[in-house]
Amino acid sequence: MARKKTVLDFQKMRRNGDKIVFLTAYDHPTAMLEERAGVDMILVGDSVGMCLLGYDSTIPVTMDDMVRHTQAVRRGAPNTFVIADMPFMSYQVSPEDAVVNAGRLIKETGADAVKLEGGQRVAEHVRAITDAGMLVMGHLGLTPQSAGQLGGFKAQARDAETALEIMKDARAVEEAGAFSILIEAIPPPVTRIISERSDIPILSIGAGANCAGQLLIVSDLLGIFQSFTPKFVKKYADLADDMVGAFEAYGEDVRKGSFPETQHTYGMASGEEDRLVELLKDDED
Ligand code: KIV
(Lines give C-alpha, C1' and ligand atoms only; values in the text may rest on other atoms or scores of the structure.)
Protein backbone atom coordinates (compact mmCIF):
# COMPACT_ATOMS: atom_id res chain seq x y z
CA MET A 1 0.00 0.00 0.00
CA ALA A 2 1.33 3.44 -0.95
CA ARG A 3 2.42 5.78 1.87
CA LYS A 4 0.25 8.84 2.47
CA LYS A 5 1.71 11.83 0.59
CA THR A 6 2.65 15.00 2.45
CA VAL A 7 3.09 18.65 1.51
CA LEU A 8 6.75 17.88 0.79
CA ASP A 9 5.73 15.25 -1.76
CA PHE A 10 3.37 17.74 -3.42
CA GLN A 11 6.16 20.34 -3.58
CA LYS A 12 8.45 17.75 -5.13
CA MET A 13 5.80 16.68 -7.65
CA ARG A 14 5.40 20.32 -8.66
CA ARG A 15 9.17 20.75 -9.09
CA ASN A 16 9.46 17.55 -11.14
CA GLY A 17 6.39 18.30 -13.26
CA ASP A 18 4.55 15.19 -11.96
CA LYS A 19 0.87 16.09 -12.04
CA ILE A 20 -1.15 15.87 -8.83
CA VAL A 21 -4.39 13.87 -9.16
CA PHE A 22 -7.07 15.50 -7.02
CA LEU A 23 -10.71 14.39 -6.72
CA THR A 24 -13.62 15.08 -4.40
CA ALA A 25 -15.28 12.39 -2.26
CA TYR A 26 -18.07 12.63 0.26
CA ASP A 27 -18.56 9.07 1.53
CA HIS A 28 -16.70 5.99 2.71
CA PRO A 29 -17.08 3.65 -0.30
CA THR A 30 -16.09 6.32 -2.83
CA ALA A 31 -13.06 7.31 -0.75
CA MET A 32 -12.00 3.64 -0.54
CA LEU A 33 -12.19 3.28 -4.31
CA GLU A 34 -10.32 6.53 -4.94
CA GLU A 35 -7.53 5.42 -2.63
CA ARG A 36 -7.43 2.08 -4.44
CA ALA A 37 -7.11 3.97 -7.75
CA GLY A 38 -4.11 5.95 -6.48
CA VAL A 39 -5.67 9.43 -6.24
CA ASP A 40 -3.08 11.75 -4.60
CA MET A 41 -5.41 14.12 -2.73
CA ILE A 42 -9.09 13.98 -1.81
CA LEU A 43 -11.21 17.07 -1.24
CA VAL A 44 -14.30 16.70 0.91
CA GLY A 45 -15.87 19.71 -0.76
CA ASP A 46 -18.86 21.66 0.46
CA SER A 47 -20.12 20.64 -2.99
CA VAL A 48 -21.47 17.75 -0.88
CA GLY A 49 -24.46 20.09 -0.45
CA MET A 50 -25.25 20.03 -4.17
CA CYS A 51 -23.90 16.58 -5.11
CA LEU A 52 -25.32 14.55 -2.22
CA LEU A 53 -27.69 16.59 -0.06
CA GLY A 54 -29.91 18.10 -2.77
CA TYR A 55 -29.31 21.82 -2.10
CA ASP A 56 -29.06 24.16 -5.08
CA SER A 57 -25.95 25.88 -3.70
CA THR A 58 -23.21 25.25 -1.13
CA ILE A 59 -24.52 27.95 1.22
CA PRO A 60 -26.66 25.72 3.52
CA VAL A 61 -23.80 23.28 4.26
CA THR A 62 -22.89 23.28 7.96
CA MET A 63 -19.82 22.46 10.00
CA ASP A 64 -21.63 19.32 11.23
CA ASP A 65 -22.19 18.22 7.61
CA MET A 66 -18.50 18.71 6.85
CA VAL A 67 -17.39 16.87 9.99
CA ARG A 68 -19.64 13.87 9.29
CA HIS A 69 -18.65 13.52 5.62
CA THR A 70 -14.93 14.11 6.23
CA GLN A 71 -14.92 11.43 8.95
CA ALA A 72 -16.45 8.95 6.50
CA VAL A 73 -13.89 9.82 3.81
CA ARG A 74 -11.00 9.59 6.29
CA ARG A 75 -12.13 6.08 7.31
CA GLY A 76 -12.35 5.07 3.64
CA ALA A 77 -8.99 6.53 2.62
CA PRO A 78 -6.64 6.35 5.61
CA ASN A 79 -3.55 6.61 3.40
CA THR A 80 -4.57 9.53 1.21
CA PHE A 81 -4.08 13.26 1.88
CA VAL A 82 -7.57 14.54 2.75
CA ILE A 83 -8.65 18.19 2.66
CA ALA A 84 -11.85 19.35 4.39
CA ASP A 85 -13.66 22.34 2.94
CA MET A 86 -14.62 25.11 5.36
CA PRO A 87 -18.35 25.80 4.83
CA PHE A 88 -19.97 29.20 4.36
CA MET A 89 -19.70 31.44 7.46
CA SER A 90 -17.26 29.14 9.25
CA TYR A 91 -14.25 31.41 8.54
CA GLN A 92 -15.46 34.72 7.08
CA VAL A 93 -16.42 36.55 10.28
CA SER A 94 -13.06 36.66 12.10
CA PRO A 95 -9.62 35.03 12.17
CA GLU A 96 -10.58 33.61 15.59
CA ASP A 97 -13.67 31.89 14.16
CA ALA A 98 -11.57 30.59 11.30
CA VAL A 99 -9.03 29.02 13.69
CA VAL A 100 -11.70 27.45 15.91
CA ASN A 101 -13.57 25.91 12.97
CA ALA A 102 -10.44 24.77 11.12
CA GLY A 103 -9.29 23.22 14.39
CA ARG A 104 -12.59 21.39 14.78
CA LEU A 105 -12.36 19.97 11.25
CA ILE A 106 -8.78 18.80 11.71
CA LYS A 107 -9.29 17.46 15.24
CA GLU A 108 -12.64 15.69 14.82
CA THR A 109 -12.09 14.25 11.34
CA GLY A 110 -8.38 13.54 10.98
CA ALA A 111 -8.24 15.67 7.79
CA ASP A 112 -4.75 16.73 6.74
CA ALA A 113 -5.69 20.26 5.70
CA VAL A 114 -8.60 22.66 5.26
CA LYS A 115 -9.61 24.70 2.22
CA LEU A 116 -11.26 28.09 2.19
CA GLU A 117 -12.42 30.49 -0.52
CA GLY A 118 -11.14 34.02 -1.11
CA GLY A 119 -7.98 36.07 -1.54
CA GLN A 120 -6.84 39.36 -0.04
CA ARG A 121 -9.98 39.71 2.07
CA VAL A 122 -9.37 36.42 3.92
CA ALA A 123 -5.55 36.50 3.95
CA GLU A 124 -5.48 37.39 7.64
CA HIS A 125 -7.73 34.40 8.36
CA VAL A 126 -5.44 32.07 6.38
CA ARG A 127 -2.49 33.46 8.37
CA ALA A 128 -4.27 32.80 11.69
CA ILE A 129 -4.98 29.15 10.75
CA THR A 130 -1.44 28.49 9.53
CA ASP A 131 -0.02 30.20 12.65
CA ALA A 132 -2.07 27.71 14.67
CA GLY A 133 -0.16 24.91 12.93
CA MET A 134 -2.70 23.78 10.34
CA LEU A 135 -2.38 23.45 6.57
CA VAL A 136 -4.58 25.65 4.39
CA MET A 137 -5.41 25.39 0.69
CA GLY A 138 -6.68 28.62 -0.90
CA HIS A 139 -9.47 28.70 -3.50
CA LEU A 140 -9.72 31.51 -6.08
CA GLY A 141 -11.52 32.31 -9.32
CA LEU A 142 -15.07 30.99 -9.35
CA THR A 143 -15.70 30.67 -5.63
CA PRO A 144 -19.12 29.01 -5.21
CA GLN A 145 -19.81 30.47 -1.76
CA SER A 146 -19.81 33.96 -3.33
CA ALA A 147 -21.55 32.93 -6.57
CA GLY A 148 -24.22 35.56 -5.82
CA GLN A 149 -21.63 38.36 -5.92
CA LEU A 150 -20.07 36.87 -9.06
CA GLY A 151 -23.44 36.77 -10.84
CA GLY A 152 -23.72 32.97 -10.80
CA PHE A 153 -21.47 29.97 -11.52
CA LYS A 154 -19.49 31.83 -14.19
CA ALA A 155 -15.92 31.71 -15.50
CA GLN A 156 -13.71 34.40 -13.94
CA ALA A 157 -10.68 36.51 -14.96
CA ARG A 158 -11.70 36.80 -18.60
CA ASP A 159 -10.63 40.45 -18.64
CA ALA A 160 -7.18 41.75 -17.75
CA GLU A 161 -8.24 43.73 -14.66
CA THR A 162 -10.00 40.76 -13.00
CA ALA A 163 -7.09 38.51 -13.96
CA LEU A 164 -4.69 40.92 -12.26
CA GLU A 165 -6.89 41.01 -9.16
CA ILE A 166 -6.86 37.19 -8.94
CA MET A 167 -3.07 37.22 -9.26
CA LYS A 168 -2.92 39.64 -6.32
CA ASP A 169 -5.26 37.32 -4.41
CA ALA A 170 -2.98 34.37 -5.12
CA ARG A 171 0.03 36.33 -3.89
CA ALA A 172 -1.81 37.35 -0.70
CA VAL A 173 -2.94 33.80 0.10
CA GLU A 174 0.52 32.35 -0.58
CA GLU A 175 2.16 35.01 1.59
CA ALA A 176 -0.34 34.20 4.33
CA GLY A 177 1.07 30.66 4.42
CA ALA A 178 -1.23 28.54 2.20
CA PHE A 179 0.49 25.30 1.11
CA SER A 180 -1.40 25.23 -2.19
CA ILE A 181 -4.06 27.15 -4.11
CA LEU A 182 -6.97 25.75 -6.12
CA ILE A 183 -8.12 27.99 -8.96
CA GLU A 184 -11.49 27.45 -10.54
CA ALA A 185 -12.89 28.37 -13.97
CA ILE A 186 -10.32 30.87 -15.21
CA PRO A 187 -8.54 30.95 -18.60
CA PRO A 188 -5.31 28.90 -18.92
CA PRO A 189 -3.03 31.90 -19.68
CA VAL A 190 -3.96 33.39 -16.28
CA THR A 191 -3.37 30.01 -14.62
CA ARG A 192 0.07 29.81 -16.22
CA ILE A 193 1.14 33.22 -14.92
CA ILE A 194 -0.17 32.47 -11.39
CA SER A 195 1.64 29.13 -11.46
CA GLU A 196 4.92 30.61 -12.69
CA ARG A 197 4.81 33.33 -10.04
CA SER A 198 4.07 30.97 -7.14
CA ASP A 199 6.33 28.73 -5.09
CA ILE A 200 3.47 26.42 -4.08
CA PRO A 201 1.42 23.90 -6.11
CA ILE A 202 -1.37 25.61 -8.03
CA LEU A 203 -4.21 23.19 -8.78
CA SER A 204 -6.92 23.65 -11.36
CA ILE A 205 -10.58 22.86 -11.69
CA GLY A 206 -11.61 24.27 -15.03
CA ALA A 207 -8.48 26.42 -15.25
CA GLY A 208 -6.49 24.48 -17.84
CA ALA A 209 -3.37 22.35 -17.66
CA ASN A 210 -0.68 24.98 -16.94
CA CYS A 211 -0.27 24.08 -13.29
CA ALA A 212 0.63 21.34 -10.81
CA GLY A 213 -2.50 19.19 -10.97
CA GLN A 214 -6.20 18.77 -11.62
CA LEU A 215 -9.36 18.46 -9.55
CA LEU A 216 -12.73 17.17 -10.69
CA ILE A 217 -15.95 16.70 -8.73
CA VAL A 218 -16.45 12.95 -8.44
CA SER A 219 -20.19 13.19 -9.19
CA ASP A 220 -19.39 14.99 -12.48
CA LEU A 221 -16.62 12.56 -13.44
CA LEU A 222 -18.93 9.59 -12.85
CA GLY A 223 -21.90 11.19 -14.63
CA ILE A 224 -24.16 11.15 -11.54
CA PHE A 225 -24.79 14.89 -11.00
CA GLN A 226 -27.82 15.76 -13.14
CA SER A 227 -28.58 19.45 -12.51
CA PHE A 228 -25.95 20.94 -14.86
CA THR A 229 -22.56 20.09 -16.34
CA PRO A 230 -19.88 22.80 -16.36
CA LYS A 231 -17.87 23.22 -19.59
CA PHE A 232 -14.70 21.99 -17.88
CA VAL A 233 -16.09 18.59 -16.88
CA LYS A 234 -14.99 15.43 -18.61
CA LYS A 235 -17.30 12.51 -17.84
CA TYR A 236 -15.38 9.25 -17.47
CA ALA A 237 -18.54 7.19 -16.86
CA ASP A 238 -22.30 7.48 -17.16
CA LEU A 239 -23.38 6.00 -13.86
CA ALA A 240 -26.72 7.83 -13.88
CA ASP A 241 -27.87 5.77 -16.87
CA ASP A 242 -26.30 2.61 -15.42
CA MET A 243 -28.10 3.16 -12.10
CA VAL A 244 -31.50 3.85 -13.67
CA GLY A 245 -31.00 0.73 -15.83
CA ALA A 246 -30.27 -1.37 -12.74
CA PHE A 247 -33.27 0.04 -10.81
CA GLU A 248 -35.56 -0.64 -13.78
CA ALA A 249 -34.27 -4.21 -14.20
CA TYR A 250 -34.83 -4.87 -10.48
CA GLY A 251 -38.38 -3.44 -10.70
CA GLU A 252 -39.17 -5.66 -13.67
CA ASP A 253 -37.84 -8.79 -11.89
CA VAL A 254 -39.85 -8.06 -8.72
CA ARG A 255 -43.04 -7.37 -10.67
CA LYS A 256 -42.84 -10.58 -12.68
CA GLY A 257 -41.69 -12.64 -9.69
CA SER A 258 -38.31 -13.62 -11.09
CA PHE A 259 -36.50 -12.11 -8.10
CA PRO A 260 -35.64 -13.53 -5.62
CA GLU A 261 -34.53 -16.94 -6.90
CA THR A 262 -33.56 -19.89 -4.67
CA GLN A 263 -29.93 -18.79 -4.65
CA HIS A 264 -30.98 -15.53 -2.96
CA THR A 265 -32.81 -17.26 -0.07
CA TYR A 266 -31.88 -19.15 3.14
CA GLY A 267 -32.68 -22.89 3.64
CA MET A 268 -33.95 -24.29 6.97
CA ALA A 269 -31.60 -26.59 8.89
CA SER A 270 -31.84 -30.26 7.88
CA GLY A 271 -35.12 -31.95 9.01
CA GLU A 272 -36.51 -28.70 10.48
CA GLU A 273 -39.12 -28.18 7.78
CA ASP A 274 -40.70 -31.59 8.59
CA ARG A 275 -40.50 -30.84 12.31
CA LEU A 276 -42.27 -27.54 11.75
CA VAL A 277 -45.14 -29.38 9.98
CA GLU A 278 -45.43 -31.68 13.05
CA LEU A 279 -45.37 -28.73 15.45
CA LEU A 280 -48.10 -26.98 13.46
CA LYS A 281 -50.21 -30.16 13.57
CA ASP A 282 -49.77 -30.47 17.36
CA ASP A 283 -50.59 -26.79 17.68
CA GLU A 284 -53.90 -27.25 15.81
CA ASP A 285 -54.98 -30.24 18.01
O1 KIV B 1 -16.70 22.08 -2.78
C2 KIV B 1 -15.99 21.75 -3.73
O3 KIV B 1 -16.00 20.62 -4.20
C4 KIV B 1 -15.13 22.77 -4.28
C5 KIV B 1 -14.84 22.62 -5.73
C6 KIV B 1 -15.97 23.20 -6.51
C7 KIV B 1 -13.59 23.27 -6.09
O8 KIV B 1 -14.78 23.69 -3.62
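Both counts, for ligands and for their atoms, begin at 1 and track the order of listing. This is a predicted model, so every value here is computed, not measured.
Looking only at atom types and distance, the side chain of Gln145 has a donor-acceptor partner in the side chain of Gln92 under 3.5 Å away. Side-chain contact, Thr70 with Tyr26: no donor N or O sits under 3.5 Å from an acceptor N or O.
For Ala77, the side-chain contact (heavy atoms from CB on, under 4.5 Å) test picks out Ala31, Glu35, Ile42, Thr80, with sequence neighbours left out.
Centroid-to-centroid, the aromatic rings of Phe10 and Phe22 stay 6.0 Å apart or farther.
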N/O pairs closer than 3.5 Å, ligand 1 and protein:
residue, atom, partner, partner atom, Å
ligand 1, 1 (O), Asp46, N, 3.0
ligand 1, 1 (O), Asp46, OD1, 2.8
ligand 1, 1 (O), Ser47, N, 2.9
ligand 1, 1 (O), Ser47, OG, 3.2
ligand 1, 1 (O), Asp85, OD2, 3.0
ligand 1, 3 (O), Ser47, OG, 2.5
ligand 1, 8 (O), Asp85, OD2, 3.4
ligand 1, 8 (O), Lys115, NZ, 2.9

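When each of Glu273, Glu272, Glu278 is checked for a side-chain hydrogen bond (donor to acceptor under 3.5 Å, both in side chains) with Arg275, only Glu272 meets the rule.
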Where do Asp253 and Ser258 land on the side-chain hydrogen bond (donor to acceptor under 3.5 Å, both in side chains) test, with the steps shown first? CA-CA 5 Å; Asp253 277 0; Ser258 54; 3.3 Å; yes
